[in-house]
Structures are given as C-alpha cells and as structure tokens.
Amino acid sequence: NAGVTQTPKFQVLKTGQSMTLQCAQDMNHNSMYWYRQDPGMGLRLIYYSASEGTTDKGEVPNGYNVSRLNKREFSLRLESAAPSQTSVYFCASSSQGNYGYTFGSGTRLTVV
Amino acid sequence: QKEVEQNSGPLSVPEGAIASLNCTYSDRGSQSFFWYRQYSGKSPELIMFIYSNGDKEDGRFTAQLNKASQYVSLLIRDSQPSDSATYLCAPGPSGGSYIPTFGRGTSLIVHP
C-alpha cells in the first residue's frame with residue numbers, strides 16, 4: 001500500500017545509547033519531515049528535507065541528525081539519547097503544492 | 001515561522017450536535033489551510049483543505065476561512081462518537097520556503 005513507513009514502532013533506549021529511526025515513502029514525494037509530539041506541545045518539527053540532497057533544521061533540532069538517503073528515505077539519528085527525547089516521532093512527506101502531508105504511523109521512543 | 005493558535009479543549013458536544021473548532025493565525029500571507037484529525041495513539045490524517053475565503057463543504061465537514069479576521073474554523077455537523085479525536089490546523093504553502101507549522105490541536109469529545 002502506498003504511504004509512509006516508519007520503523008521501528010516502539011523502542012526503549014538507555015541514556016547515552018544511539019539509534020536511527022527509519023522512514024520511507026513510495027509516493028514520489030519531494031519533501032520529507034521529522035516531527036516529535038509530546039503531550040500539550042503539539043507537533044514540533046525537528047528536521048526537514050525539501051528535496052533530495054537537502055536538509056534543514058526545524059524548531060527542535062538539538063540532539064538529532066538526519067540523512068536524506070535518496071528520494072524515498074529520510075532517517076533520523078539520535079547519537080546519545082537523553083530522557084528528554086522520550087516522545088512519539090512522526091515522519092511525514094508531501095509533494096509540492098497544496099496537497100498536505102502524509103504521516104507515518106509513528107515511533108514511540110522511551111529513553112530511561 | 002507561521003504561528004497558529006488553537007484552544008486545546010476538550011470540547012465536549014452531544015451526539016448529533018454541531019462541533020465548532022477554531023484556529024487563529026498570525027501570518028497575513030497565509031493563503032490556505034489544512035485540517036488534520038488525529039485519533040488517540042494514531043498519526044494525523046488530512047481531512048480538509050481550504051484556500052479561499054468562505055466555506056468549503058465535504059460531507060458533514062465544513063471548513064471556513066476568514067482572511068480579514070485571520071481565523072479558520074472546522075464545523076462538524078451531526079457529530080458522532082467516532083469524531084472524537086484531536087483536530088489540528090496548519091497553514092499551507094504561501095510562496096518561498098515552506099516550513100509547516102501545526103497548531104497544538106483541539107480535543108473533541110462527542111458523547112452519546
């Protein structure tokens with residue numbers, strides 16, 4: 001089925017561990033985004049990639065890195081996880097124009 | 001960055017009533033808006049897009065955009081318990097670099 005696929009769906013990390021969240025879309029979208037969602041804070045943009053080969057910081061980029069591997073894939077890396085990074089992470093993609101975003105199902109990350 | 005404000009709620013309405021969800025925005029350059037619905041534990045899904053002043057209807061949903069007053073609203077007629085969710089608004093592209101920003105969302109509860 002067409003859409004945005006995120007892996008893993010759940011993850012528990014210890015403080016200081018690293019991990020990479022994977023995101024892939026098969027809709028030929030140019031733009032891809034990583035958000036985190038915390039209770040009462042809404043969706044906050046971490047990083048985005050307007051097109052293949054480009055990445056830019058969003059509202060809350062500290063502690064994260066991203067890679068736009070190709071047009072389909074956009075990964076988010078936590079180099080040294082902290083409890084403050086406990087959150088639900090959503091990947092999204094969009095084409096140019098007023099078509100909105102398609103979101104992945106999310107990754108629930110807990111850092112202990 | 002485009003700012004949008006939403007009352008977090010919860011907004012509680014009886015089944016069959018009209019639910020009215022509102023969003024105000026600060027950027028007068030915003031030309032269009034998206035409404036997303038997010039069920040608890042799920043990812044946001046696009047339900048409405050409006051790009052001109054006035055109303056846009058889709059089934060039981062009506063989006064209203066008032067550029068002079070800088071607000072956008074979503075009306076849900078004949079509300080059903082299955083409409084219980086958080087509703088997020090987000091401005092659409094308005095030229096130049098587009099960094100999507102979401103409101104924090106309004107929680108809607110439709111009780112039988």
Side-chain angles (χ1 to χ4, degrees), chain A residues 1-7 9-10 21 23 25 27 29-51 54-61 66 74 87-110, chain B residues 1-10 21 23-26 29-52 56 58 61 63 65 72 74 85-108:
Chain A
N1 293 333
V4 179
T5 302
Q6 283 185 243
T7 56
K9 294 188 183 301
F10 301 93
L21 281 64
C23 176
Q25 52 91 8
M27 297 171 287
H29 284 170
N30 290 316
S31 303
M32 298 185 73
Y33 313 86
W34 277 105
Y35 289 90
R36 60 178 289 174
Q37 189 173 40
D38 304 292
M41 298 297 293
L43 284 162
R44 292 186 291 170
L45 183 64
I46 304 171
Y47 271 93
Y48 68 102
S49 171
S51 61
T54 68
T55 60
D56 287 287
K57 295 178 181 179
E59 180 184 358
V60 288
V66 291
F74 188 38
S87 187
V88 179
Y89 291 85
F90 289 105
C91 177
S93 69
S94 69
S95 61
Q96 294 176 346
N98 290 324
Y99 299 111
Y101 315 104
T102 301
F103 285 84
S105 58
T107 296
R108 293 185 177 276
L109 175 67
T110 301
Chain B
Q1 188 167 345
K2 303 175 183 180
E3 298 291 333
V4 292
E5 295 289 338
Q6 292 183 262
N7 188 324
S8 62
L21 305 159
C23 175
T24 59
Y25 60 95
S26 60
S30 295
Q31 300 295 315
S32 60
F33 284 86
F34 301 107
W35 279 100
Y36 291 81
R37 177 177 61 200
Q38 186 175 23
Y39 292 114
S40 180
K42 303 295 185 181
S43 58
E45 58 176 327
L46 180 65
I47 56 172
M48 289 288 284
F49 169 65
I50 184 166
Y51 62 90
S52 60
K56 179 182 178 182
D58 184 0
F61 296 87
L65 176 59
V72 57
L74 180 69
T86 296
Y87 291 80
L88 307 163
C89 73
S94 60
S97 179
Y98 176 42
I99 302 176
T101 303
F102 289 82
R104 295 187 179 185
T106 298
S107 174
L108 172 66

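Order of the sequence lines fixes the chain letters, A, B, ..., with proteins taken first and strands second; residue numbering starts at 1 for each chain. Being a predicted model, the structure only gives us computed values, none of them experimental.
Of the two parts of A:Phe90, only the side chain, counted from C-beta on, holds a non-hydrogen atom closer than 4.5 Å to a non-hydrogen atom of chain B. With a threshold of 4.5 angstrom between heavy atoms, B:Gln6 does not approach chain A through any atom at all.
Annotation: side-chain hydrogen bond (donor to acceptor under 3.5 Å, both in side chains) contacts of A:Arg44 (sequence neighbours excluded): A:Asp38. Contacts of B:Glu5 classified as side-chain hydrogen bond (donor to acceptor under 3.5 Å, both in side chains), with partners at least two apart in sequence or in another chain: none.
For B:Ser43 (side chain) and A:Gly106 (main-chain N/O), no donor-acceptor pair under 3.5 Å exists by modelled atom type. Judged purely by atom type and a 3.5 angstrom limit, A:Tyr101 has no side-chain atom pairing as donor or acceptor with the backbone of B:Pro44.
Put simply, CD on B:Glu45 and OG1 on A:Thr102 are 10.5 Å apart, with the number rounded to the nearest 0.5 Å. Residue B:Phe102 holds its CZ atom at 15.5 Å from CE of A:Met41, rounded to the nearest 0.5 Å.
A:Lys57 NZ: 12 or fewer foreign heavy atoms inside a 6.0 Å radius.
Contact of the B:Thr101 side chain with the A:Leu45 side chain is not registered, since no non-hydrogen atoms from C-beta on lie closer than 4.5 Å.
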